[in-house]
**Student:** 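Mind having a look at this structure? Questions to follow.
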Amino acid sequence: MKLLSNLVFKILYVLTISMPLAAVDVSYTNDIKPIIQRSCSGCHQPATKMGGLNLTEYDGIMAGGQNGPILMAGAPEKSRLIGMLTGNVKPMMPMGADPLPEAEIAILKRWVTQGAKVDTLESEKGPQVPVEPPTYIHPPAVDGLTYSPDGTFLVIGGYKEILVHKSDGLKIVARLLGKSERITGLSFTPDGKTIVAVGGTPAQFGEIQIWDIQTRTQTRSIISTADTLFGGAVSPDGKFICAGGADKSVRVFEIATGKEIFKVGHHEDWVLDTVYGIDGKRVVTIGRDRAAKLTNSETGAFLENINLLRDQLYAIERHPRRDYVLVGGLDRVPYLYMMDRPRALKIADDSTLVREFEEQKAKIFSLAFSPDGSHIAVGGMSDEVPIYETETGKRITTLNEVNEGVFAIEFHPKGDQITVAGYDGRIRIFNPKTGKLLSDFSPVPLRNKVASN
Ligand code: HEC
């Protein structure tokens with residue numbers, strides 16, 4: 001017993017005594033950077049670089065200033081960085097302000113004593129934009145595609161890039177390189193000036209990219225959550241974007257500022273697609289929890305489930321002229337719902353159901369309305385894309401030359417062509433009236449397999 005308590009005492013003793021000494025290494029990222037950010041970066045950043053010194057990056061600290069190196073690893077007493085903080089070396093820093101608190105000077109000193117190491121790992125620098133466009137042997141699976149509102153461009157999601165094609169598919173106009181491996185949703189603002197892309201890199205980050213189509217520059221990248229974002233409906237006034245996430249959230253961002261307006265967690269599983277109502281005041285979001293949820297798009301307040309829960313939902317589209325939404329998913333049936341319950345009936349009944357369409361051969365991944373709302377197209381794990389009359393539910397045409405795994409369908413704004421893409425990465429443009437295939441191409445340049453070996 002004595003022995004044991006002795007031992008315990010010793011352990012405690014060693015722990016308490018050695019704590020301040022062995023004090024965990026000072027971290028450049030967590031300890032040093034914030035001090036510099038607060039007290040030095042105003043004058044010592046790339047744009048100002050007073051004294052020839054940029055302190056905002058580790059490399060800049062190591063590069064030193066106009067009089068050479070500012071620190072010697074392991075020797076704080078020989079480091080001007082420390083000397084200028086204590087007043088041993090003139091002029092004292094931060095220039096023209098109170099000296100740093102002693103505790104902060106002590107941390108900087110300890111960091112130099114410990115070797116002035118950097119602990120920012122490559123992976124912590126965050127996702128990077130590729131320098132060169134990717135090269136492809138096969139076209140990458142296409143999850144997102146859209147036409148510009150005037151019908152000039154067909155914009156397609158690639159791997160870490162967005163491809164802007166002429167809408168006939170005969171020419172690549174631009175390749176817009178970004179951080180996300182996958183683009184899951186693409187939209188234009190109604191004025192046609194801005195592309196809003198939603199995506200991310202699975203299990204790493206979600207991203208919203210804002211692009212100026214005229215200058216082909218990315219005006220903003222909003223990194224959010226630790227997994228891909230989905231949907232990405234743009235509000236009718238072009239000011240907001242609503243995205244769903246693998247974290248079960250629905251988020252609304254302001255496009256001009258990148259500011260997150262709200263994040264809500266009404267869903268119980270992944271949120272896979274989003275649409276705005278006609279007046280922009282409400283959104284409907286769907287996902288694996290089977291619900292089509294109506295939410296106030298200004299406050300994030302939950303309004304109600306507009307559907308009777310049946311099976312997982314993967315796609316939603318809004319009728320171009322009415323507050324009707326078309327949803328589809330695992331149970332293979334496209335359902336047309338009204339966003340507003342006709343009578344004050346109880347929640348989660350099916351009084352909002354306008355029409356059920358024909359059951360598909362396999363689960364549904366993508367839906368589209370024709371520009372006037374008169375027709376719908378349905379795609380998914382089936383090897384066909386049927387087109388139906390919205391009013392009657394009658395099948396009008398079938399697009400047959402498609403492969404299983406249709407992830408994206410879009411009518412041209414004039415309604416005279418329809419584009420289908422998905423797992424095989426090919427872009428197929430059809431005449432939606434006759435079902436005739438007009439063109440079939442890879443949206444990315446392919447490297448010649450033989451030549452590459
Ligand atoms: C208000 C502006 C300002 C602030 C804030 C400031 N500095 Fe300076 N710093 C200067 C100027 C100006 C010089 C050049 C002085 C000279 O040439 O005599 C300088 C020079 C230095 C140098 C010497 C560079 C060389 O090679 O001669 C070091 C080291 C330094 N600053 C560290 C810091 C640190 C650390 C902080 C924050 C705690 C800080 N400074 C905050 C303006 C500032």
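Just so you know, ligand 1 is whichever comes first in the structure, and atom 1 is the first atom listed for that ligand.
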**Student:** If only side-chain N and O atoms count, and only distance matters, is there a donor-acceptor pair under 3.5 Å linking E207 with S180?
**Tutor:**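 Side chains of S180 and E207: pair found under 3.5 Å.
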**Student:** Rounded to the nearest 0.5 Å, what separation is found between the OG atom of S249 and the CD atom of E260?
**Tutor:**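 That separation rounds to 8.0 Å.
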**Student:** Just to check, does G96 reach to within less than 4.0 Å of ligand 1 when the distance is taken from its heavy atoms?
**Tutor:**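 Distance cut 4.0 Å: G96 fails for ligand 1.
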**Student:** Which part of L85 is near ligand 1, with near meaning a heavy atom under 4.0 Å away: side chain, backbone, both or neither?
**Tutor:** side chain
**Student:** Can you list everything that forms a side-chain contact (heavy atoms from CB on, under 4.5 Å) with A301? Sequence neighbours excluded, please.
**Tutor:**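 Only N296, T299 meet the side-chain contact (heavy atoms from CB on, under 4.5 Å) criterion with A301.
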**Student:** Check each atom of ligand 1 against the heavy atoms of N67 and keep those under 4.0 Å away; list them by number with element.
**Tutor:** 25 (C), 26 (O), 27 (O)
**Student:** Could you work out, with salt bridge (Lys or Arg N to Asp or Glu O under 4.0 Å) as the rule, every residue matching D247, not counting sequence neighbours?
**Tutor:** R251
**Student:** Determine whether the side chains of Q312 and Y314 contain a donor N or O and an acceptor N or O closer than 3.5 Å.
**Tutor:** yes
**Student:** As an exercise, identify every atom of ligand 1 less than 4.0 angstrom from a heavy atom of L81.
**Tutor:** 35 (C)
**Student:** Aromatic ring centroids of Y58 and Y28 under 6.0 Å?
**Tutor:**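 Between Y58 and Y28, the centre distance is under 6.0 Å.
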**Student:** Can you run down the side-chain hydrogen bond (donor to acceptor under 3.5 Å, both in side chains) pairs that involve residues 35-47, sequence neighbours left out, and say none if there aren't any?
**Tutor:** R38-E104
**Student:** Can you tell me how the ring of Y147 sits relative to the ring of H412, calling it parallel under 30°, perpendicular over 60° and tilted otherwise?
**Tutor:**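 Judged by the thresholds at 30° and 60°, the geometry between Y147 and H412 is perpendicular.
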**Student:** Under a 3.5 Å cutoff, is there a donor and acceptor pairing between the side chains of D150 and S148?
**Tutor:** yes
**Student:** How far is atom 17 (O) of ligand 1 from its nearest protein heavy atom, and which residue and atom is that?
**Tutor:**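 Residue, atom and distance for the closest contact: Q66 NE2, 2.6 Å.
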**Student:** Which residue from K49, R80, K90 reaches closest to atom 25 (C) of ligand 1 through any of its heavy atoms?
**Tutor:**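 Shortest heavy-atom distance from atom 25 (C) of ligand 1: R80.
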**Student:** Protein N/O/S atoms under 2.8 Å of atom 8 (Fe) of ligand 1?
**Tutor:**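 Metal shell, protein only: H44 NE2, M93 SD.
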